[in-house]
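Written out below as structure tokens is the structure these notes cover.
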Number of protein chains: 2
Amino acid sequence: MPEVKNSAVSSSYKNKEAILLAVDCIIFGFDHEGLKLLIFKREFEPLAGHWSLIGSFVNKNEDVEDAAYKVLKETTGLESLFVEQLHAFGRINRDKGDRVVSIAYWSLIKLNEENRNLNVANHEAHWVDFKEVPELILDHNEMVAMALTTLRERARFRPIGFELLPDKFTLPQLLNLYEAIYQTKFDDRNFRRKILKTGLLIKLNEKDKSTSKRGALLYKFDYQQYDKLSKDGYLFEL
Amino acid sequence: MPEVKNSAVSSSYKNKEAILLAVDCIIFGFDHEGLKLLIFKREFEPLAGHWSLIGSFVNKNEDVEDAAYKVLKETTGLESLFVEQLHAFGRINRDKGDRVVSIAYWSLIKLNEENRNLNVANHEAHWVDFKEVPELILDHNEMVAMALTTLRERARFRPIGFELLPDKFTLPQLLNLYEAIYQTKFDDRNFRRKILKTGLLIKLNEKDKSTSKRGALLYKFDYQQYDKLSKDGYLFEL
DNA sequence: ATATTAAACGTCATATTGACGATAAATGAA
DNA sequence: TTCATTTATCGTCAATATGACGTTTAATAT
């Protein structure tokens, strides 16, 4: 096999330089106040004490994805949540400490009494309004911006919003969520029509009276129906 | 700063294991025969001689993205082409040779007489029909499958098809391209209506007579108009 | 001249959208 | 117990978009 000269294309594993690999997690949550982002105080130098996404180095004997799941499980306490790889960030000098390539994952969690509380698992964690994210270390603000763009893209064509709501939710809640995600107002009547037409919501015989005298009907997401429609190449559109 | 015990979350750069990092490129092209994929004969062990995507290890002193661009430039001879990061593939044993995490990039190129020819830059390269991709090494078939899914997603809502056509193209050509991408037939009259309604095509006063007696009008893509519409949050939909 | 062929144009019934108006179900005040 | 208030829910309609399909045009070759 001829060795190719002056080629960008690799021709063996020899003399290749290994690089530190990390995962960083963008964690979105939603409550009555709006869309939130979970950020942390960095616990080691350089930049200790600064706001940061939560992350971890990837060990040589673990899958990259597992590393992300481990971080998410530890910081949210949740086993099952929506997680998707966002992007690998690989600029040479993105990390001042050493050459580190970071693979970012974004996730959506259903807020409840436990994971709403801060200082998760010994880490100083804070939920912040996604519109008021402070300066984060390294390229973490860039990661957040990209995650938000991706969230908006995904939520437009996939019924992903449900991942941010409790299992039972009302249509006004769902509307608020979409309005928070896109930072715009939707006509409630048209929104209701579109969302119900998908056939992905199951109407329950319960009402939530926490926000109005009249109370709003609770719905749950029909995951079975969604799976069925997805297989047929279904395309949800908001 | 307290060291967190038994935590997935990293607390310093010390004792972290570096990992080999690679880029692999999924290169799509299109001609009268259909949508093509550029594959290569692997030039080093293990698996030398097997079909593979083209790739390269990432040096410690280069951006990940630059590594991908370098490979693409070398194998296609093109400076400017559509490139987008696809996904980082990070399973522990995905590479038999060593622990290698690969960041895949997908790209679209305008085929011409030069880059259509095989054995690009000393590498044994072949264009293959995307429906008949042979068995590739490692997880490269998985990468191709994901790239195809992403291409279809992108082409649905972004006028990306033009990246695969020459600067001047006819509507029947464009239709053929979309039909190849989605492996389905579109009504030519409705397709024409939709595509022209976007206002992104500039009609030229030239005809291409290579495929019919009558000849088809040539168009070019209006990149300026696209930029303008994109900024206003425009959403192209096929 | 005329048959042939791909390209281009046109029509229409139906479905979807966006912009509203109107009603309903609860509460608490008069 | 009536009534005003508030949020939730249902309904309407004109404008637009869609899918399905028929027709004409511009060239070439016979």
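Below, each value reflects all heavy atoms present in this structure, side chains not excepted, and no hydrogens, waters or symmetry copies. Just so it is clear, the model here is predicted, and its values are computed rather than measured. A note on names: the letters A, B, ... follow the listed sequences, proteins ahead of strands, and every chain is numbered from 1.
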Fill in the blank from the handout: Outer limits of DNA chain D sitting under 4.0 Å from a non-hydrogen atom of chain B, read 5' to 3', are D:dT18 to D:dT28
Problem - CA sep, side-chain torsions, deciding dist, call: A:Asp208, A:Thr170, side chain to side chain donor-acceptor pair (under 3.5 Å) - result: CA-CA 7 Å; A:Asp208 175 291; A:Thr170 67; 5.8 Å; no
Donor-acceptor pairs under 3.5 Å, side chain of residues 151-160 of chain A to any protein atom, not counting sequence neighbours: which ones?
from	atom 1	to	atom 2	distance (Å)
A:Arg152	NE	A:Ile181	O	2.7
A:Arg152	NH2	A:Ile181	O	3.0
A:Arg154	NE	A:Glu84	OE1	3.4
A:Arg154	NE	A:Glu84	OE2	2.9
A:Arg154	NH2	A:Glu84	OE2	2.9
A:Arg156	NH1	A:Leu238	O	3.4

Handout entry: Heavy-atom neighbours of A:Lys207 NZ exceed 12 at 6.0 Å
Key = yes
Practice task
Using the ring pair (Phe, Tyr, Trp, His ring centres under 6.0 Å) rule, collect all pairs that involve residues 181-209 of chain A, keeping only residues at least two apart or in two chains.
Solution key: A:Tyr178-A:Phe191
Please set out all donor-acceptor pairs under 3.5 angstrom arising from side-chain atoms of residues 195-202 of chain B, sequence neighbours excluded.
from	atom 1	to	atom 2	distance (Å)
B:Thr198	OG1	B:Ile195	O	2.7
B:Thr198	OG1	B:Leu200	N	3.2

Exercise for the section: Check each residue of residues 157-189 of chain B for a non-hydrogen atom within less than 4.0 Å of any atom in DNA chain D, then write out the ones that pass by number, or none. Expected result: B:Asp187, B:Arg189
Problem - Test item: B:His140 side-chain N/O and B:Leu53 main-chain N/O as donor-acceptor pair under 3.5 Å - result: yes
Completion exercise
note: A:Asn190, atom CG; C:dG21, atom C1'; distance rounded to Å ~ 13 Å
Handout entry: Atom pair distance, as rounded to whole Å: CZ in A:Arg193 and P in C:dA15
Key = 14 Å
Practice task
Over 60° means perpendicular and under 30° means parallel, so classify the ring planes of B:Phe221 and B:Tyr226, tilted if in between.
Solution key: tilted
Handout entry: Nucleic acid contacts of residues 206-221 of chain B, taken as heavy-atom distances under 4.0 Å to DNA chain D
Key = B:Lys207, B:Lys209, B:Lys213, B:Arg214
